[in-house]
Amino acid sequence: AQSVTQLGSHVSVSEGALVLLRCNYSSSVPPYLFWYVQYPNQGLQLLLKYTSAATLVKGINGFEAEFKKSETSFHLTKPSAHMSDAAEYFCAVSDPSGTYKYIFGTGTRLKVLA
Amino acid sequence: GAGVSQTPSNKVTEKGKYVELRCDPISGHTALYWYRQSLGQGPEFLIYFQGTGAADDSGLPNDRFFAVRPEGSVSTLKIQRTERGDSAVYLCASSLRPGQPYEQYFGPGTRLTVT
């Protein structure tokens with residue numbers, strides 16, 4: 001069965017600093033992986049997705065993630081944090097069994113310090 | 001174009017009451033998902049529709065929860081005899097069709113509070 005672990009429920013970075021949000025997955029088959037962002041009182045917005053093409057995936061707002069099969073990881077990074085990046089970030093794996101429902105991690109709340 | 005919409009945005013109800021939550025998916029999307037997000041948690045899968053039929057309802061917590069999608073578009077999540085533990089944000093998502101690379105598009109959610 002698929003599962004997702006996000007290390008660090010809260011991460012704080014200074015404005016302009018590197019953002020690194022961690023996601024590890026377990027999957028019995030090649031996974032499809034997603035990062036979503038959730039701003040307060042809003043729905044989930046897709047940042048980027050990995051669907052077995054390039055292992056380095058670029059998304060919106062300057063975010064990118066690298067799929068590392070050997071480490072079962074899909075960490076999200078951004079070279080320089082902006083105040084507007086403050087939000088909650090969720091990593092998800094898609095169940096390939098036929099429904100493609102998402103299994104989400106518990107989320108990481110990113111705080112950007114001025 | 002229009003995204004996924006959900007109504008109401010907020011619902012406060014008393015323990016034991018019945019509630020209905022509505023989801024309008026993106027036009028043309030055949031796959032529809034319901035998730036529940038409790039405070040401090042990631043969304044958890046409830047039910048998946050492909051067209052009009054519930055193809056996977058394995059996430060529904062008990063038989064008080066039921067969902068329909070009679071015409072293959074709008075879906076309604078129904079909760080009977082609500083309990084305080086049902087308080088959460090209920091998210092709806094739609095996808096062009098199940099499978100890859102068809103990502104899910106989420107609505108803003110309905111915040112349900114059971115008092």
Side-chain angles (χ1 to χ4, degrees), chain A residues 1-10 21-25 27 29-54 57 59-60 65 67 87-109, chain B residues 2-10 21 23-26 29-51 53-60 67 88-111:
Chain A
Q2 284 75 21
S3 67
V4 171
T5 301
Q6 290 185 244
L7 294 176
S9 58
H10 292 81
L21 305 182
R22 298 179 186 275
C23 173
N24 288 86
Y25 69 90
S27 177
V29 297
Y32 297 107
L33 295 157
F34 304 80
W35 275 100
Y36 279 82
V37 61
Q38 187 175 37
Y39 298 101
N41 300 315
Q42 294 189 27
L44 295 161
Q45 180 183 6
L46 181 69
L47 279 177
L48 47 81
K49 62 185 180 185
Y50 168 75
T51 56
S52 75
V57 180
I60 62 171
F67 173 71
E88 186 140 26
Y89 293 79
F90 292 95
C91 182
V93 63
S94 177
D95 178 353
S97 65
T99 69
Y100 298 96
K101 63 191 178 192
Y102 286 171
I103 294 100
F104 284 90
T106 52
T108 298
R109 184 168 297 279
Chain B
V4 178
S5 63
Q6 293 186 247
T7 55
S9 56
N10 281 283
L21 312 179
C23 172
D24 255 290
I26 293 172
H29 280 195
T30 63
L32 186 145
Y33 304 80
W34 283 98
Y35 296 85
R36 180 168 71 173
Q37 186 175 17
S38 300
L39 194 62
Q41 300 296 317
E44 293 181 312
F45 169 77
L46 293 176
I47 187 169
Y48 156 67
F49 286 90
Q50 175 54 30
D56 182 353
D57 65 357
S58 62
L60 295 178
V89 176
Y90 290 81
L91 297 168
C92 176
S94 70
S95 178
L96 184 60
R97 61 182 67 91
Q100 308 306 325
Y102 303 111
E103 66 263 27
Q104 296 177 26
Y105 295 82
F106 284 81
T110 293
R111 183 176 299 277

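The sequence lines fix the lettering, A, B, ..., with proteins before strands; numbering per chain opens at 1.
- Between A:C23 and the options A:Y89, A:F90, A:W35, A:F34, a side-chain contact (heavy atoms from CB on, under 4.5 Å) holds for only A:W35.
- Heavy atoms closer than 4.5 Å to chain A are found in the side chain of B:S58, but not in its backbone.
- Between chain A and the options B:P43, B:G42, B:S9, B:G59, the largest number of non-hydrogen pairs under 4.5 Å is found for B:P43.
- In this structure, chain B has a heavy atom under 4.5 Å from the side chain of A:L46, while its backbone stays farther away.
- The closest side-chain donor-acceptor pair between A:S27 and A:Q2 falls under 3.5 angstrom.
- Under the 3.5 Å distance criterion, the side-chain polar atoms of B:S94 are left unmatched by any main-chain donor or acceptor of B:H29.
- Between A:Y102 and B:F106, the ring planes are tilted. Angles from 30° to 60° get that label.
- Of the atoms belonging to B:E44, not a single heavy atom falls under 4.5 Å from chain A.
- Taking the six-membered ring where the residue is Trp, the centroids of A:F67 and A:Y50 are separated by under 6.0 Å.
- Note on A:E88, A:Q42, A:Q38: by heavy-atom pairs under 4.5 Å with chain B, the leading option is A:Q38.
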